[in-house]
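Start at 1 and go down the list; that is how both ligands and their atoms are numbered. Quick note: numbers below take in every heavy atom, side chains included, and nothing from hydrogens, waters or symmetry partners.
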Amino acid sequence: MTTDPQTDVVRTDVLVVGAGPGGSSAAIHLARLGRDVLLVDGAEFPRDKACGDGLTPRAVAELQTLKLDHILEGGPVNKGLRGHGFGRSLMLPWNGPHLPKHGSAIARTVLDNALRDAALDAGATGLDGHKAVDVELTGGRLTTVLLRGRDGTVRVEAEHVIVADGGKSHLGRLLGRAWHKETVFGVASRAYATSPMADDPWITSHLELRDESGRMMGGYGWVFPLGNGLVNVGAGTLATSKRPANINLRKLTEEYARQRRDEWQLGELTGYGSAPLPMGGAVSNVAGRNWMLIGDAAACINPLNGEGIDYALETGRLAAEHIVESGARPDFTASWPAELYAEYGEAFSIARRLGILITHERLLAMSGPIGMRIPAIMAVAFRVMGNLVTPEDSDVVARAWRTAGRASLRLDRRRPFH
Ligand SMILES: Cc1cc2nc3c(=O)[nH]c(=O)nc-3n(C[C@H](O)[C@H](O)[C@H](O)COP(=O)(O)OP(=O)(O)OC[C@H]3O[C@@H](n4cnc5c(N)ncnc54)[C@H](O)[C@@H]3O)c2cc1C
């Protein structure tokens, strides 16, 4: 990174906007390859992020790929899901054949700070407290990003820009990102509470979620033990523009926590936070000549369980590889959506189709009790919902899931990432 003393313009090879798991992952990979990276965030670190803090085995695997799984040392190790609903409870161990057999949970203040530190250790330059507010494009190339900080505006000129600014993606919108809400999306909220069961080795989820009037909601509630005397308790629901959620998320979380209070001996709720979740690649214009969207900005959240940390870490890696492989004259306009589509298209297409079914409470009320009665069905559901099918898997479930994904893509009016 250089600063022109005449104009104060900052020049860098790769500008990464957003230092969540997506942006930091991209910055770590690129900086380790010796690239000149500026990692910018509007917030000052350490910063919090509304999240369930749960890491699936796939997220653990990606941290192992980054050689950063030591971040999780001393934290909780969970064996799988204790699922409740429709009068039954099931223990469902993590069951991806080519993935770790454990997950974890870690407060985002800790995880995101550690990932950002790893990017800076690898050689990236960090600039927090600076928000990307405007852009300049020349001949389709994003030439300048304007950052606003406490002390004024900084102009950054970059060869490549990675947009990792989360679900609302202000920068993405400036670049033409469109979020298609006719496809299923999530809204979720979380809080923290003390619990003597904060070391429980299972994550808990309720698949039958009811609001304070007893009305069934298409969604899920969770209690994720953090191993430090606290649990993350929250609730999420799915919606589409045709079937809006119309709920008070805070009330829903408070109600879910009230229902769990005795069993978990929960203390007072603190740290309430909520956010919308763009899912299943339901955005278009995810790239231009020299810029690309990753993580939540590219709607890389699993429609069936609301997790996005693993996708953020993965798309950070994929973006870094994409830049390195693209050579001196990149054009990501078609190649980046094509790569995301090849990587996630099948799984996102079928998952968001099933997600729409979850927004129909009557259907859920009919199918839920049947599924919960048959543990083998729930084990399969848990595997596909948990994003535990990898390209290496060749068993019947993996093949059936991919076939369903391909069939679903043929029915899609709008393909993921297009
Ligand atoms: C209530 C809730 C519960 C969830 N639970 C889970 C869970 O248990 N497990 C899981 O895997 N996922 C979960 N998710 C999803 C998960 O939080 C996201 O998928 C994940 O944070 C995506 O990472 P990211 O790097 O793409 O974006 P983010 O983590 O959102 O990071 C974006 C960063 O960009 C910065 N930024 C934003 N705008 C600008 C700007 N204009 N200029 C500069 N910087 C900017 C922000 O400050 C932020 O640091 C949950 C989400 C919610 C809302």
4.0 Å heavy-atom contact, Tyr311 with ligand 1 = no
Any N/O pair Asp296/ligand 1 closer than 3.5 Å = yes
Sub-3.5 Å N/O-N/O distance, His170 and ligand 1 = no
Could you go through the side chain to side chain contact (heavy atoms under 4.5 Å, CB included) check for Glu339 and Glu325 one step at a time?
-> CA-CA 13 Å; Glu339 172 149 10; Glu325 284 159 17; 5.7 Å; no
Are any of the heavy atoms in Ile301 under 4.0 Å away from ligand 1?
-> yes
Is there a donor-acceptor contact under 3.5 Å from the side chain of Thr109 to the main chain of Pro46?
-> no
Should you measure from each heavy atom of Ser189, which atoms of ligand 1 turn up under 4.0 Å away?
-> 1 (C)
Arg148, Met279, Arg108, Arg58: member with heavy atom nearest to atom 29 (O) of ligand 1 = Arg108
Is it the side chain (CB and beyond), the backbone, both or neither of Ile309 that lies under 4.0 Å from ligand 1, heavy atoms counted?
-> both
Using a strict 4.0 Å cut-off to heavy atoms of Leu277, name the atoms of ligand 1 that fall inside it.
-> 51 (C), 53 (C)
Heavy atom of Ala59 under 4.0 Å from ligand 1?
-> no
Inspect the contact between Glu254 and Lys251 and indicate whether a charged nitrogen and a carboxylate oxygen are less than 4.0 angstrom apart.
-> no
Atom NZ of Lys101 with >12 non-hydrogen neighbours under 6.0 angstrom | yes
Measure from atom 40 (C) of ligand 1 to every heavy atom in Ala132, Ser24, Gly42 and give the option owning the shortest one.
-> Ala132
Can you list the atoms of ligand 1 that are under 4.0 Å from a heavy atom of His130?
-> 43 (C)
Would you say Gly234 contacts ligand 1, with heavy atoms under 4.0 Å as the rule?
-> no
Check each atom of ligand 1 against the heavy atoms of Phe224 and keep those under 4.0 Å away; list them by number with element.
-> 8 (O)
Is the closest heavy-atom distance from Ser274 to ligand 1 below 4.0 Å?
-> no
Between the main-chain N or O of Leu313 and the side-chain N or O of Ser25, is there a donor-acceptor pair closer than 3.5 Å?
-> yes
Residue from His29, His322, Glu62 passing side-chain hydrogen bond (donor to acceptor under 3.5 Å, both in side chains) with Arg317 = Glu62
So with a 6.0 Å cut-off around CZ of Arg261, is the heavy-atom count from everything else above 12?
-> yes
Apply the salt bridge (charged side-chain N to carboxylate O under 4.0 Å, His left out) test between Glu346 and each candidate in Arg353, Arg406, Arg415; give the one that qualifies.
-> Arg406
Is there any N or O on Gly308 that sits under 3.5 Å from an N or O of ligand 1?
-> yes
Of Leu249, Asp310, Asp134, Asp41, which has the heavy atom at the shortest distance from atom 33 (C) of ligand 1?
-> Asp41
